[in-house]
Amino acid sequence: MISVQDGQNLILARVSTLTPPELVPVSHALGRVLAHDLTAPFDVPPADNSAGDGDAGASGDIPQAGLRELLVVADLPAGATFEGLLQAGESGRIMTGAPIPQGADTVYPQELVERVGDRVRVGPIAKGANVRPRGEDVRSGSVVLEGGTRLRPQEVGLITSLGQWQVVVRRRPRVALLSTGNEVAEPGSPRTPGQIYDSNRFTLRGSVEQCGGEVVDLGIVPDRREDLRARLLEASRLADMVVSSGGVSVGAYDLVKDVLQEIGGIEFWQVAMQPGRPLAVGGIGPAHFFGLPGNPVASMLTFMLFVRPALFKLAGRRQLFPEMWEARAVEPMRKKRGRREFKRGVLQFRAGSWEVRTTGPQGSGILSSMVAGNCLIVLEEDRGDVAPGETVLVEPF
Ligand code: AMP
Ligand code: MG
């Protein structure tokens, strides 16, 4: 038996090369992983500019009490610049975003300004009010985004605010998926009485895509040595990572281990966890291999725990593990010491705190528990039964 954490460390140690960088247009960069640090070539905004509509003037020019009349010598809609220098007694009409004219340091908002012909009457406000300073968003020369960052809409926008229309990201890892088992039938085709429809390949497909990978679907392989061997070899030629489900327990038809020993290398682990004990980890040529258990909850969970961090590392991501939170258990939970248990939970905020309960029956074949839940309840190795009111760790889906 090995612990979840030891397993994760051993797996991450095997992933030493990342997918290569590639240049993509920013319009296709969402969800991709930035390959290198991104440094700002200039300040954003590039100049002090107005935070509102009004009149720009010099605060030193305005008396501390009472009003002062200024001559409006410039009209500055957004995008316009003032080439001259404002003199004492002068102001410029200015709109949001327009650069502050030289000689001015404050914008007197439209609502506070009295307009009389080509003049305005203004009273005192704080120096610098309604001025957005140059570089307040991004400073020239600073690292705005670190390599390994996954790009969300806001990161993409920040990149384009620097004038860039292309960005260097890591190629999406290719992940070949296959299901094993004579009993597994393809959805949409008839099934014999002894068969069940494939769910693993589809939860895994979604999981891979959610993690920024690209799926190569290799279908269902029956429990026949030659078929499995041929399909796994094909998979290893097409992908960076090969993930199968089923066939890793110790049944007579659990062939993954034997075949992997012939065509690659494999370690066969019993992980101290529930659900999802058996796990096969290895390689076929340069491709990483993961043999996940067949039970639907176990295969999805072992993906989350072992494949996802490896996929993230391969993809160059900096953060490999999700954040965990604390919540108060509102029901008793059975827990065996010495292994890490993962229950599907419903997390909700009630009466001022985060509460969590299980989704009900926790069998590793009950995929609907993943649907009913919105988090995993993570019960650590050294923990025993949980009483209501105790604090537990949760990992939101
Ligand atoms: P195995 O590890 O191959 O012994 O499979 C364990 C359990 O998972 C069995 O009940 C299988 O029928 C089930 N199973 C295996 N593969 C899949 C799959 N792709 N989709 C749904 N259930 C599966
Ligand atoms: Mg099987």
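Heavy atoms only: backbone and side chains are in, while hydrogens, waters and symmetry mates are out.
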Trainee: Go through the side-chain N and O atoms of R344 and S369 and say whether any donor and acceptor fall under 3.5 Å apart.
Mentor: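 A pair is found: one side chain offers a donor N or O, the other an acceptor, under 3.5 Å apart.
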Trainee: Is K313 reaching over with its side chain to a backbone N or O of L12, donor-acceptor style, under 3.5 angstrom?
Mentor: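 The answer is yes, because a donor-acceptor pair under 3.5 Å joins these two groups.
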Trainee: Determine, for R337 against D382, whether the closest basic-nitrogen to carboxylate-oxygen distance falls under 4.0 angstrom.
Mentor: no
Trainee: Check for a donor-acceptor pair, side chain of K335 on one end and backbone N or O of R383 on the other, with a separation under 3.5 Å.
Mentor: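 Yes: the side chain of K335 pairs with the backbone of R383.
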Trainee: Spell out, as yes or no, whether a donor-acceptor pair under 3.5 Å connects the side chain of N49 to the backbone of A47.
Mentor: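 Answer holds: yes.
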Trainee: Do the charged groups of R152 and E155 touch, with an N to O distance under 4.0 Å?
Mentor: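 Yes.
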Trainee: Hey, mind stepping through N200 and S179 against side-chain hydrogen bond (donor to acceptor under 3.5 Å, both in side chains) and telling me if it holds?
Mentor: CA-CA 7 Å; N200 293 350; S179 295; 5.7 Å; no
Trainee: Find out whether E214 and V175 are in side-chain contact, i.e. whether some heavy atom of one side chain is under 4.5 Å from a heavy atom of the other.
Mentor: no
Trainee: Between K336 and E341, does any NZ, NE, NH1 or NH2 come within less than 4.0 Å of an OD or OE carboxylate oxygen?
Mentor: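 Answer for the salt bridge query: no.
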Trainee: Please determine, by modelled atom types, if E83 and T81 share a side-chain donor-acceptor pair under 3.5 angstrom.
Mentor: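 The answer is yes; a qualifying pair exists.
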Trainee: For residues I125 and L112, report the shortest heavy-atom separation together with the two atoms involved.
Mentor: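 Residues I125 and L112, closest heavy atoms: CG2-CD1, 4.3 Å.
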Trainee: Is it the case that one hydrophobic cluster holds both L314 and V307, taking links as side-chain heavy atoms less than 4.5 Å apart, direct or via other members?
Mentor: yes
Trainee: Below 4.5 Å, heavy atoms only, C-beta onward: do V138 and L158 meet side chain to side chain?
Mentor: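 In short, these two side chains touch, coming nearer than 4.5 Å.
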Trainee: Flag the pair R93 and D53 as a salt bridge only when some basic side-chain nitrogen lies within less than 4.0 angstrom of an acidic carboxylate oxygen.
Mentor: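 No, R93 and D53 are not salt-bridged.
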Trainee: For the OG atom of S299 and the CG atom of L292, what is their distance to the nearest 0.5 Å?
Mentor: 6.5 Å
Trainee: If we only count heavy atoms from C-beta on, is the S244 to F290 side-chain gap below 4.5 Å?
Mentor: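 When only atoms from C-beta onward are counted, F290 and S244 do not touch, as no gap falls below 4.5 Å.
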Trainee: Check the pair R201 / S245 against side-chain contact (heavy atoms from CB on, under 4.5 Å), numbers first and verdict last.
Mentor: CA-CA 8 Å; R201 219 165 82 248; S245 70; over 6 Å; no
Trainee: Counting heavy atoms not belonging to E326, are there more than 12 under 6.0 Å from its CD?
Mentor: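 Counting neighbours around CD of E326, 12 or fewer heavy atoms of other residues, nucleotides or ligands fall under 6.0 Å, so no.
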Trainee: Does the distance from a Lys or Arg side-chain N to an Asp or Glu carboxylate O, for R357 and E331, drop under 4.0 Å?
Mentor: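 No, R357 and E331 are not salt-bridged.
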Trainee: Could you check if a side-chain atom of V356 sits within less than 4.5 angstrom of a side-chain atom of V392, using non-hydrogen atoms only?
Mentor: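 Side-chain contact under 4.5 Å: yes.
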Trainee: Less than 4.5 Å apart, side chain to side chain, heavy atoms only: is that true for L218 and V242?
Mentor: no
Trainee: So, D43 and R134, do they make that salt bridge, N to O below 4.0 Å?
Mentor: yes
Trainee: So E267 and W269, side-chain hydrogen bond (donor to acceptor under 3.5 Å, both in side chains) or not? Walk me through it.
Mentor: CA-CA 6 Å; E267 284 179 49; W269 295 348; 3.0 Å; yes
Trainee: Using a 6.0 Å cut-off, check whether atom CD of Q154 has over 12 heavy atoms from anything other than its own residue.
Mentor: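 Yes, enclosed.
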Trainee: Under the side-chain contact (heavy atoms from CB on, under 4.5 Å) test against L228, which residue among L260, V259, L233 passes?
Mentor: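 Of the listed options, the one satisfying the test is V259.
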Trainee: As a test of understanding, state which of V156, L23, L34 forms a side-chain contact (heavy atoms from CB on, under 4.5 Å) with V167.
Mentor: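 It is L34, the one option of V156, L23, L34 that forms the side-chain contact (heavy atoms from CB on, under 4.5 Å) with V167.
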Trainee: L393 and V4: same hydrophobic cluster, using ILVMFWY side-chain contacts below 4.5 Å?
Mentor: yes
Trainee: If you apply the rule salt bridge (Lys or Arg N to Asp or Glu O under 4.0 Å), what do you find for R132 with D137, and how did you get there?
Mentor: CA-CA 9 Å; R132 301 190 288 217; D137 187 6; over 6 Å; no
Trainee: Taking Y108's backbone N and O only, do any of them form a donor-acceptor pair with D55's side chain (distance below 3.5 Å, no angle check)?
Mentor: no
Trainee: Is a side-chain N or O of S142 found less than 3.5 angstrom from the main chain of V144, in a donor-acceptor match?
Mentor: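 No; judged by distance alone, with no hydrogens or angles, the pair does not exist.
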Trainee: Just checking, any donor-acceptor pair under 3.5 angstrom between side chains of Q164 and S161?
Mentor: no
Trainee: So, D48 side chain and I100 main chain: donor-acceptor pair closer than 3.5 Å or not?
Mentor: no
Trainee: Only one of R205, R231, R174 forms a salt bridge (Lys or Arg N to Asp or Glu O under 4.0 Å) with D217, so which one is it?
Mentor: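 Result: among R205, R231, R174, R205 is the only option passing the salt bridge (Lys or Arg N to Asp or Glu O under 4.0 Å) with D217.
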Trainee: Report yes if some heavy atom in the side chain of V248 is under 4.5 Å from a heavy atom in the side chain of K257; otherwise report no.
Mentor: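 Answer no - side chains too far apart.
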Trainee: Taking C-beta and beyond as the side chain, do L379 and K343 meet within less than 4.5 Å on heavy atoms?
Mentor: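 Yes. Closest side-chain heavy atoms under 4.5 Å.
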Trainee: Does R340 have any salt bridge (charged side-chain N to carboxylate O under 4.0 Å, His left out) partners at least two apart in sequence or in another chain, and if so, which?
Mentor: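 Result, salt bridge (charged side-chain N to carboxylate O under 4.0 Å, His left out) vs R340: E381.
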Trainee: Begin from the C-alpha positions of T19 and D240 and carry the test side-chain contact (heavy atoms from CB on, under 4.5 Å) through to its verdict.
Mentor: CA-CA 8 Å; T19 55; D240 304 299; 4.2 Å; yes
Trainee: What residues form a salt bridge (charged side-chain N to carboxylate O under 4.0 Å, His left out) with D61, not counting sequence neighbours?
Mentor: R68
Trainee: Please answer: with hydrophobic residues joined when any side-chain heavy atoms are less than 4.5 Å apart, are V394 and V378 in the same cluster?
Mentor: no
Trainee: Nearest 0.5 Å please: distance from the CE atom of M273 over to the CD1 atom of I2.
Mentor: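 Reported to 0.5 Å precision, the distance equals 10.5 Å.
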Trainee: Has T160 got a side-chain atom pairing as donor or acceptor with G163's backbone, closer than 3.5 angstrom?
Mentor: no
Trainee: Any link between L238 and V221 through a network of hydrophobic side chains (Ile, Leu, Val, Met, Phe, Trp, Tyr) touching at under 4.5 Å?
Mentor: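 Shared cluster, yes.
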Trainee: Is the backbone of A298 close enough, under 3.5 Å, to the side chain of T302 for a donor and an acceptor to pair up by distance?
Mentor: yes
Trainee: Mind checking whether Q362 and F342 have side chains closer than 4.5 Å, heavy atoms only?
Mentor: no
Trainee: Apply the test side-chain contact (heavy atoms from CB on, under 4.5 Å) to residues V208 and C211: give CA-CA distance (whole Å), side-chain angles for both, the deciding distance (0.1 Å), then the verdict.
Mentor: CA-CA 5 Å; V208 167; C211 291; 5.8 Å; no
Trainee: If you measure from the Lys or Arg side-chain nitrogens to the Asp or Glu carboxylate oxygens, is any gap between D258 and R225 under 4.0 Å?
Mentor: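 Here D258 pairs with R225 in a salt bridge, since their nearest N and O are under 4.0 Å apart.
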Trainee: Hey, does the side chain of E395 reach the backbone of C375 with a donor-acceptor pair shorter than 3.5 angstrom?
Mentor: no
Trainee: Begin from the C-alpha positions of Q195 and T192 and carry the test side-chain contact (heavy atoms from CB on, under 4.5 Å) through to its verdict.
Mentor: CA-CA 5 Å; Q195 285 190 309; T192 61; 3.0 Å; yes
Trainee: Answer yes or no: is there an ion pair linking E22 with R170, defined by an N-O contact shorter than 4.0 Å?
Mentor: no
Trainee: Out of curiosity, Y197 OH to E183 CD, how far, rounded to the nearest 0.5 Å?
Mentor: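 Y197 atom OH to E183 atom CD measures 14.0 Å (nearest 0.5 Å).
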